[in-house]
Amino acid sequence: MKEVRVRFAPSPTGPLHIGGVRTALYNYLFAKKHGGKFLLRIEDTDQTRFVPGAEEYIIEALNWCGVSYDEGVGIGGPHAPYRQSERKDLYRKYADQLVNEGHAYYAFDTAEDLELMRERLKARGVATPQYDVFTRGEMVNSLTLSPDETAERLKSGDTYVIRILIPENEEVLVNDLIRGEVKVHSSRLDDKVLFKSDGMPTYHMANIVDDHLMEITHVIRGEEWLPSAPLHVLLYRYLGWEPPLFAHLPLLLKPDGNGKLSKRDGDRLGFPVFPLRWTDPVSGEVSSGYRESGYLPDAFVNMLALLGWNPGTEQEIFSMEELTAAFSLERVGKSGSKFDPEKAKWFNHHYLSNSNTNDVAQLLATILAGKGIKAPETLILQVSDIVKERAVLIPDLWEQSWFFFQAPEIFEEKTVQKFWKPDSPALLVKIIDLLKTIDNFSVENVDLAVKTFIHDNELGMGVVMNTLRLVLVGGSFGPGVAAIISLLGKDEAVIRIDKAIKRLSL
RNA sequence: GGUCCGUUCGUCUAACGGUUAGGACGCCAGGUUUUCAUCCUGGUAAUAGGGGUUCGAUUCCCCUACGGACUACCA
């Protein structure tokens, strides 16, 4: 059996959004599953839409997700180059071949000509004006011009495009791995431009040539390409090539209402639609990314994988290896999936709280370093251990633990109102004395000592604990009080209690 | 408008002719608890509508409705 070769072929016109990431992911999983190759090709045939930084962004995003490619831009491979603008010279001969064999033709119409044609047809009541079997006869092209005239125009340097000559009357079949057989009548297809007047091929031409040359076996791409798939089938046939197998993935929809997920939805609903933060080079507008928002790549990938695909079992937590083993195109759904930001958070929380404490400590250490805070490694480790299950996003690690690294400057008014009573200072003085008697300052020991103290003095658990919490962290938040006291250490705990007594008693 | 694709709880989805239509997120309730979370238990909630085919339709066919994609010398 032939080696499976698939590609992800984005256009560098901006940041990759999560729908694109998912397409890349499915290609990757499919390739790995079948022991094949996954390649990255950059489709930059439209020079006017080039956006600086977009290509780098795409590569960085794939790397962050752990979606690595075997051949492509940046790493090369047996079919280099992988950037279409650098393959420019390759395409022309195939366009010529199509013209020579009567499957394509030269068209000299100007933009104005085309506009006029559309208006004319609309006036005539034609709903969809197209350059097709019905209209090509009245346009300026090598079909309507004499061979001499055509040759003359070509020679004199008239600008022209090359259009495919769509056959007049036949059903074009597209066999889709996800949707089955899709039939379209050729009379509904238009004579798409294959070769532009600027000397570049269009997507349609370039993608067929490259997929063939790069020996692509499966084209896995978004559903938005389904309507042009018949055209691609025709091109393979006319070029005499065996077409790859097609799989058109369902779309990612916006969380509310309907429609394709877009950049705007993220802004509007407050969640990232991009894997990484992106700053538009022209407007300077910033779009948030999953990475910068504090998502773990594994959680992000897991969440994305399940949007449109399911394993057929009730498993929902998957490592990349497990995804690879379980993935199949047969289990990709047909209908679009609404993106659910809440579920994304759930995944991240799950991954964070189930992460190895050492890994979490790394994340916390990075945050601390960014704030210029120095802390003992063991403390970071201990804090990470008790705080990881309380964090949904990475920044929560800090939100839940900052008081371990710096003493509170202020005391929450609300909590003071509720727990600071006239007899609080006396209580806390006793607690200080108590803490001083504890030799082994482990969480368990501190917990036992405090609870015994509460019991022996017939005090209320809530009152004592919350008062302690208030003076230790400055409010009503954080992990268990015993853990806080233990990790702070005897000296620091006593200092904080003592200071608070003085400040709050004023 | 035309072409194509689609339609199971609010959301992601399972069930590939026979199930009390299952799971997850969310939500609600209860439990654990020193705060807030977590965690545990339970609950809520769906086959778009109408025709067929069949002993039997979520499942197969048709129609309707609704939704989406596409409709550039953009990908």
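Worth knowing before you read on, the calculation uses all heavy atoms, side chains too, and leaves out hydrogens, waters and symmetry mates. Chain identifiers are assigned alphabetically (A, B, ...) following the order of the sequence lines, protein sequences preceding nucleic acid strands; residue numbering begins at 1 within each chain.
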Given ring-ring contact (aromatic ring centres under 6.0 Å, His included), test A:Y295 with A:F300 step by step and report yes or no.
-> CA-CA 7 Å; A:Y295 284 82; A:F300 175 69; 7.4 Å; no

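The residue A:G308 sits close only to the backbone: its heavy atoms come under 4.0 Å of sugar-phosphate atoms, none of a base.
Taking atom CG of residue A:D113 and atom C1' of nucleotide B:A72, one finds them 16 Å apart after rounding to whole Å. Taking atom CZ on A:R221 and atom C1' on B:C70, their separation rounds to 13 Å, with Å as the unit. Atom CZ of A:F403 and atom P of B:U35 are 15 Å apart (whole Å).
Between A:R331 and B:A15 there is a side-chain polar atom (N or O) within less than 4.0 angstrom of OP1 or OP2. At B:G23, none of the side-chain N or O atoms of A:K343 fall inside 4.0 Å of OP1 or OP2 (strictly under the cut-off).
If you check residues 158-174 of chain A against RNA chain B, the residues with a heavy atom closer than 4.0 Å are A:V161, A:R163, listed by number.
Under the ring-ring contact (aromatic ring centres under 6.0 Å, His included) criterion, A:F271 pairs with A:F339, sequence neighbours left out.
Using the six-membered ring where Trp is involved, A:H232 and A:H204 have ring planes that are tilted, between 30° and 60° apart.
When distances run from any side-chain atom of A:E342 to the nucleotides B:C25, B:C73, B:A75, the shortest one goes to B:C25. For A:W346, counting side-chain heavy atoms from C-beta on, the closest listed nucleotide (B:G26, B:U34, B:C12) is B:G26.
Pairing for B:G67 is with B:C5, a Watson-Crick or G-U wobble pair whose two hydrogen-bonding atom distances lie under 3.5 Å.
Within the structure, salt bridge (charged side-chain N to carboxylate O under 4.0 Å, His left out) pairs that include any residue of residues 158-172 of chain A comprise A:R153-A:D158, A:E170-A:R237 (at least two apart or interchain).
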